Amino acid sequence: MRNKEIADIFSEMAQLIEIEDEPNARFKIRAYQKAALTISTLQEDVEDLYEKGGPKALMELPGIGQALAEKIVEYLKTGKIKKFEQMKKEYPVDFKNLTRVSGLGPKKAFRLYKELKVRDLEDLKNALEKHKIQGLEGFGTRSEEQFKKGLIMLEGQKGRILLGDGLPAAESIVGKLNKSGLVEEAMVAGSARRMRETVGDLDILVLSSKGEKVMDFFVKLPEVSDIVVRGPTKTTVMLRIGVTCDLRVIEPNSFGAAVQYFTGSKDHNVQVRTIAIGMGYKLNEYGLFDRKGKLVSARSEHDIYKKLGMEWMPPEMREARGEVKLAQQGKLPKLVELAEVKGDMHTHTVETDGANTIEEMVEEARRIGHKYIATTNHTKSLQIAKGMNEKGFERYFKKVDALNRRLDGKFRVFKGAEVDVLKDGSLDLDDKCLKSMDWVVASVHMNYNMEKDAMTKRIVKALDSGLVNVMGHPTGRELLVREQYAVDLDKVFEAAERNGVALEINANPQRMDLNDTNIMAASKYKVRFALGTDAHRTFHMRFMRYGVGTARRGWLGPDRIINTMELRKVEGLISR
DNA sequence: GCCGTTTTCGGCCCGACTGTTTTCAGTCG
């Protein structure tokens, strides 16, 4: 996968073009930036795409035309892009890192290079220590302060964080704002509202007429480590968890427009705005306006979309993946909702590496409102997790049987395991033991670094065993930690379809696996899905919202998800 | 450099905030 390398080069080229200052440079810059965004968010491997469809396939990507396609091909073939190499020779400056300093963009960085020979962060630090910058025209002591602060912040920055960390942080701040008595309403917007699996910053909107007071309250919250920008309507702070958080104070009359605008995604908004323009309107964060600049709509998202001839769509869909067209045709799919989930199909207990007993897990599941869970402990090969052997499961299931009797049909624990798929594709328990179970999750936990073909065969063999109910976290990735293993997912989906095996949507915020685009790809096959939190302690079962968010981002409805079914139906399905 | 319900040329989002300015450029999202 070389997408990231190419995307990085294009964004660096955008910065290099910016300092050249030719007349139409700013559009060229935007073109390079857009291309970088397209490639960095692409699910497919650019190299695969090129091998299968040639330069034409590349040119079908949004923002990639002839010239950029040629540059991609050049990079794939030679590992270099000549124009980029030339530019770098001419400007031997680490713009990529320098511009990560808040307040320092390409233009200022270039001037620091021209006048002070600042080439990288180290040089910048030295120049700051010697107070060389404040002497330059257009720079002052405050610029030095700003860059110093920017450098410190950069060191403490984590970049993107898990939705599972970001969303609760944002919600906690929203809760405090709501209780402050200063706002009429506060809400989370941005990528967290869209339930993106990782978030680079947090966006919070508030409806209030007391802007200054709200900002005062906000910057003094204990979560805040630094103030980046402070204004009456927009304030940006750095949070202790390592991401920035924007707070915007909105006028009551434009709240809907602001919510729509700041929820994004950017690409979705571009499409919606284009439609507005086509209808003779103008759409921005303040509202929808007609040709004369008269406000047409702004109070609610629903109304704005309606005025544009579209259905309102859930934030999770707003990624410019065709939802705009469907909304215009009134053909948006119905998405699964958290309230429709009736059970958790992947949980662990103290018998292996969990922290709670099955009784405690059941108690919490019932509190959540579930009607059933599957208890799916690890198997013997996974020694690090105290995986159980056949005897262990036999003993454990007796306990579960007794518990089920006590529950008397009011709740059901499905007896299962998260059985390891071994290197050769065999399963980590004997057939008799597996056949005694209601729900078998097959997962890969070891030998991640196999060749794509071997890994695909390994998984397909496991699914062909006829002993598996669901493929657990099918790509094996851990967000921000480990890439997915090499595997031909189409072949896995085919095997799942052939064997009636469901695909897991692992709701654990560190996994989210399958992810949104994989779910879309898998939906083309006749397969079912199963949501599981992979809970290792009671409160992990609350992660279900992230799985549901991911399913919704994959445009999945309740009908294809096993654990939206009533208990009796699931029992019927499993006994087959 | 990209793109097409203004279609192969001529547009391309734009408002808030900051610092250094006496009216604006650079940065950011």
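The shown structure was predicted, so the numbers you read here are calculated from the model rather than taken from an experiment. Keep in mind that the numbers below use all heavy atoms, side chains included, and drop hydrogens, waters and symmetry copies. The chains referred to below are lettered A, B, ... by the order of the sequence lines, with proteins before strands, and numbering in each begins at 1.
Look at K108(A) and you won't find any side-chain N or O under 4.0 angstrom from OP1 or OP2 of dG19(B). Regarding contacts with the backbone of dG1(B), a side-chain N or O of K83(A) is found under 4.0 angstrom from either OP1 or OP2. Between Y286(A) and dA16(B) there is a side-chain N or O to OP1 or OP2 distance below 4.0 Å. A sub-4.0 Å separation between OP1 or OP2 of dT20(B) and a side-chain N or O of S143(A) is present. Between dG29(B) and T236(A), no contact under 4.0 Å exists linking OP1 or OP2 to a side-chain N or O. The side chain of K234(A) places no N or O atom within less than 4.0 Å of a non-bridging phosphate oxygen (OP1 or OP2) of dA16(B).
For R248(A), the side-chain atoms get nearest to dG29(B) when compared with the rest of dC17(B), dT20(B), dG29(B). Of the candidates dT18(B), dG15(B), dG19(B), the closest approach to any side-chain atom of R230(A) belongs to dT18(B). Here the side chain of A31(A) is nearest to one of dT6(B), dC2(B), dG15(B), namely dC2(B). Set against dG26(B), dG29(B), dG1(B), the side chain of L68(A) has dG1(B) as its closest nucleotide.
Within the structure, every pair that satisfies the ring pair (Phe, Tyr, Trp, His ring centres under 6.0 Å) test and touches residues 83-102 of chain A, not counting sequence neighbours, is listed here: Y91(A)-F110(A).
Atom CD in Q146(A) sits roughly 15 Å away from atom P in dC17(B) (whole-Å rounding). What separates CG of L283(A) from C1' of dG15(B) is a distance of 14 Å, to the nearest Å. Atom P of nucleotide dC28(B) and atom CD of Q15(A) are separated by 9 Å, given to the nearest angstrom. Atom C1' of nucleotide dA25(B) and atom CZ of R111(A) are separated by 11 Å, given to the nearest angstrom. Atom pair E18(A):CD and dG26(B):P shows a separation of 9 Å (rounding to whole Å applied). In this structure, I17(A) atom CD1 and dC2(B) atom C1' are separated by 13 Å, rounded to whole Å.
E137(A) comes within 4.0 angstrom of no nucleic acid atom, judged by non-hydrogen atoms across all strands. Across all strands, V101(A) comes closer than 4.0 Å only to sugar-phosphate atoms, never to a base (heavy-atom distances). Across all strands shown, G278(A) has no heavy atoms under 4.0 Å from either base or sugar-phosphate atoms. When heavy atoms are screened at a 4.0 angstrom cut-off, F262(A) is found touching no nucleic acid atom at all. If you check every strand for non-hydrogen atoms under 4.0 Å, T141(A) touches sugar and phosphate atoms only. Looking at heavy-atom distances under 4.0 Å, I29(A) makes no contact with the nucleic acid at all.
If G103(A) and T233(A) are placed on DNA chain B by their nearest nucleotide, the residue sitting closer to the 5' end is T233(A). Where Q66(A) and T235(A) each meet DNA chain B at their nearest nucleotide, the meeting point lying more 5' is that of Q66(A).
By the 6.0 Å and 45° rule, K220(A) does not stack over the aromatic ring of F217(A).
Using N1 to N3 plus N6-O4 or O6-N4 for Watson-Crick, or N1-O2 and O6-N3 for G-U wobble, each under 3.5 Å, dT18(B) pairs with dA25(B).
Checked by atom type, the side-chain pair T244(A)/D246(A) shows no donor-acceptor distance below 3.5 Å. If you check the side chains of R196(A) and S191(A), you find no donor sitting under 3.5 Å from an acceptor. Side-chain polar atoms of Q260(A) and Y305(A) form a donor-acceptor pair below 3.5 angstrom.
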